[in-house]
Amino acid sequence: MKLLFERSRSGRGSTLLPACDVPAVSYDQGLLRAKTPHLPEIAEVDLGRHYTELAKQTHGVNDGFYPLGSCTMKYNPRVNEEAAAQPGFTQLHPLQPLETVQGALEVLYTAEKLLCEITGMDGMSFQPAAGAHGEYTGLLLIRKYHQSRGDSARTKILVPDAAHGTNPASATMAGFDVVSIPSNPQGGVDLEALRKAAGPDTAGLMLTNPNTLGLFDANILEITQIVHDAGGLCYYDGANLNAVMGQVRPGDMGFDCVHLNLHKTFSTPHGGGGPGSGPVGCKALLEPFLPTPRVKEENGAYSLYTPAQTMGQVRSFYGNFLVVVKALTYILTLGKQGIPAASAGAVLNANYLMKQLLGHYDMSHEGLCMHEFVMTLQGLAHDTGVTAMDVAKRLLDFGIHPPTMYFPLIVHEALMVEPTETESPETLDQAAQVFLDILAEAKSDPESLHHAPLHCPVGRPDEVTAARSPILRYTFDD
């Protein structure tokens, strides 16, 4: 399709401005551009058609099945959007007097209490803007804790080899050295390797449970105890909390701090659908170090305060507030019965889909999964030349967004599938049949899959060239 610049025609426009009713202001010529910027000149009807065409070429949860593993791309109820769109929330300014924003402060206070109850934590900050930002903030909590005790020798963070890639990156940014802990044959943490790695230089462990293989580590209490016995703290990556919310709590597993992805687990728009939010919760021993400000309630009135040994601010003001409104709406709508029902549904759907593919596709590990499962197409690639990339691209022709590809790195030719709880059995049946049909194609006509997708607006791009030589700007003739 054509770009707006290519649709542009000199003299066309769609702007209707009223006559100026205020005094005209002139600027120093030194502040102005030497040359008028290139902006598209386009009629309203062409502008509308351009963005409508773009919308038709995108794929979201409202369009079809979106089993992007580890991302929890579930349907977001519209009531969440309606709550966040209330003028009393959208028209606030962060510098308003506190007495004029009592409702907003109550939202933050209530959300903190409920999320602490769900995670088993004692305090929480909503400042972090996304999951990786939450990881970084949680690691700063761990660093501040050790510094407050004069323990400067703890410089290492233990990270399982199946962890999200942001874990070692966040640990490095927080000033720690990363030690990778291998997995055992069952897909959990290798306890002997963990014991050998944990010691006087251990600041903490980063871990998500269930892990990126979609497996709940049966040794989780022993894992956190090993780290605590070494004097370290345990950090819970909340990316996979959708599998266990309302069932078990990270705090009860032995974790000292946790970040949550409100834009995943608690059903607020994800990625291009809206901003993220990665609040960080912690046990009481870390609460004095949380970012400032925090909300407190006294005699029915809400105010802000600064924790005693705060790390300062990790973001301007109070985080992405409207995302918190949506998440709180979701929590209050589901309640104590709905939250565990949602996680149970996520686990049921993942196992239902996996069961239909067993015996056809190879799974990375045997047994039941949690919210997601990982297939390995290594055997298929060896036998037919059809790779995980080929299967993922072919899924696009059937209106299915591809699963996460080639992750976790410890599984070769991996496809990670997460159906979430919001998909119906009919959708999962249809998806299973598509996977089976593609498998049959791979065996009968493998060459065709190398060119997939075959019926999408954009075909198979040259991804190496796109990554190394991206075209990031439009070149004008003049």
Quick check: do Cys116 and Met121 have side-chain heavy atoms less than 4.5 Å from each other? yes
Would Glu423 and Lys74 pass as an ion pair if we require N to O under 4.0 Å? no
Verdict with reasoning, Leu205 to Ile223, per side chain to side chain contact (heavy atoms under 4.5 Å, CB included): CA-CA 9 Å; Leu205 166 77; Ile223 290 169; 3.6 Å; yes
Has Arg468 got more than 12 heavy atoms of other residues, nucleotides or ligands less than 6.0 Å from its CZ? no
Ala84 versus Leu322, closest heavy-atom pair with distance: O-CD2, 3.5 Å
Could you tell me whether the side chain of Ser343 and the main chain of Val244 form a donor-acceptor pair under 3.5 Å? no
Under 3.5 Å, is there a donor-acceptor pair between the side chain of Asp397 and the main chain of His455? yes
Is a side-chain donor or acceptor of Asp122 paired with a backbone partner of Lys283 at a separation under 3.5 angstrom? no
Quick one: do the Asn242 and Thr72 side chains pair a donor with an acceptor below 3.5 Å? no
Side chains of Tyr330 and Val79, heavy atoms from C-beta outward: is any pair under 4.5 Å? no
To the nearest 0.5 Å, atom CZ of Arg315 lies from atom OG1 of Thr137 at 11.5 Å
Measure across Pro403 and Phe435 and return the closest heavy-atom pair with its distance rounded to 0.1 Å. CG-CZ, 4.1 Å
Counting neighbours of CD on Glu366 that are heavy atoms of other residues, nucleotides or ligands and sit closer than 6.0 Å, is the number greater than 12? no
Flag side-chain contact, heavy atom, 4.5 Å: Pro128 against Ser277: no
Donor-acceptor side-chain pairing of Gln356 and His360 below 3.5 angstrom: no
So that I can tick it off, tell me whether Asp177 and Lys156 are bridged by a salt bridge, with the cut-off set at under 4.0 angstrom between side-chain N and carboxylate O. no
For the ring pair Phe126 and Tyr318, is the centre-to-centre distance below 6.0 Å? no
Any carboxylate oxygen within less than 4.0 angstrom of a Lys/Arg side-chain nitrogen, looking at Lys393 and Glu463? yes
For Val280 and Gly134 the tightest heavy-atom approach is CG2-O, 3.2 Å
For side chain to side chain contact (heavy atoms under 4.5 Å, CB included), just list the numbers for Lys355 and Leu358, CA-CA rounded to whole Å, side-chain angles, deciding distance to a tenth of an Å, and then say yes or no. CA-CA 5 Å; Lys355 182 69 174 178; Leu358 275 174; 4.2 Å; yes
One should read off an interatomic distance between Thr58 OG1 and Glu53 CD, to the nearest 0.5 angstrom, of 12.0 Å
Taking atom types as modelled and ignoring hydrogens, do the side chains of Thr212 and His164 form a donor-acceptor contact shorter than 3.5 angstrom? no
Any chance you could measure Ser180, atom OG, to Ile157, atom CD1, to the nearest 0.5 Å? 13.5 Å
In Å and rounded to the nearest 0.5 Å, what is the CG to CD distance from Leu141 to Glu287? 10.5 Å
More than 12 heavy atoms of other groups within 6.0 Å of Ile471 CD1: no
Is it true that the side chains of Glu413 and Thr387 contain a donor and an acceptor less than 3.5 Å apart? no
Provide the closest heavy-atom pair for Ala284 versus Pro288 in the form atom of the first, atom of the second, distance. O-CD, 3.4 Å
Regarding Arg195 and Glu222, does a basic nitrogen lie under 4.0 Å from an acidic carboxylate oxygen? yes
In terms of side-chain heavy atoms, does Asp217 have a donor or acceptor partner in Asn211 at a distance below 3.5 Å? no
Let's go through Met1 and His50 carefully: what are the C-alpha distance in whole Å and the side-chain angles of both, what is the deciding distance for side chain to side chain contact (heavy atoms under 4.5 Å, CB included) to 0.1 Å, and is it a yes or a no? CA-CA 9 Å; Met1 61 178 289; His50 173 78; 3.5 Å; yes
Output yes when a side-chain donor or acceptor of Arg154 lies under 3.5 Å from a complementary backbone atom of Gly199, and no otherwise. yes
Under 3.5 Å, side chain of Thr384 to main-chain N/O of Ala381, donor-acceptor pair present? no
Does a side-chain N-to-carboxylate-O contact under 4.0 Å join Lys336 and Glu117? yes
How long is the span from the OG atom in Ser424 to the CZ atom in Phe65, to the nearest 0.5 Å? 9.5 Å
Any sub-3.5 Å donor-acceptor pair from Asn320's side-chain atoms to Val323's backbone N or O? no
How long is the span from the CZ atom in Arg249 to the OG1 atom in Thr119, to the nearest 0.5 Å? 7.5 Å
Is it true that Asp390 and Arg460 have a side-chain N and a carboxylate O under 4.0 angstrom from each other? yes
Do you know the tightest heavy-atom contact between Ile331 and Ile339? CA-CD1, 4.4 Å
Considering residues, nucleotides and ligands other than Gln430, do more than 12 of their heavy atoms fall under 6.0 Å from its CD? no
Test item: Thr376 side-chain N/O and Met363 main-chain N/O as donor-acceptor pair under 3.5 Å: no
Tyr236 side chain to Asn209 backbone, donor-acceptor under 3.5 Å: yes
Side chains of Leu260 and Thr265: closer than 4.5 Å at any heavy-atom pair? no
Donor-acceptor pair, Gln127 side chain versus Val314 backbone, under 3.5 Å? yes
Would you call Arg143 and Phe289 a side-chain contact if the rule is heavy atoms closer than 4.5 Å? no
Is Val159 close to Ile181 at the side-chain level, that is, under 4.5 Å between some pair of heavy atoms? no
Tyr406 (side chain) donor-acceptor with Met389 (main chain) under 3.5 angstrom: yes
Of all the heavy-atom pairs spanning Ile410 and Leu213, show the shortest one and how long it is. CD1-CD1, 4.2 Å
Glu135 and Thr166 side chains, donor-acceptor separation under 3.5 Å: yes
CA sep, side-chain torsions, deciding dist, call: Val391, Leu439, side chain to side chain contact (heavy atoms under 4.5 Å, CB included): CA-CA 8 Å; Val391 172; Leu439 184 61; over 6 Å; no
Are the side chains of Val248 and Phe216 in contact, using a 4.5 Å heavy-atom criterion? yes
Judged by modelled atom types alone, do Tyr145 and Asp256 share a side-chain donor-acceptor pair under 3.5 Å? no
Within the 4.5 Å heavy-atom criterion, are Met370 and Leu215 side-chain neighbours or not? no
If only side-chain N and O atoms count, and only distance matters, is there a donor-acceptor pair under 3.5 Å linking His259 with Tyr235? yes
Looking only at side chains, do Asp429 and Gln433 share a donor and an acceptor under 3.5 Å apart? no
Can a donor-acceptor pair be found between the side chains of Ser448 and Asp445 at a distance below 3.5 Å? yes
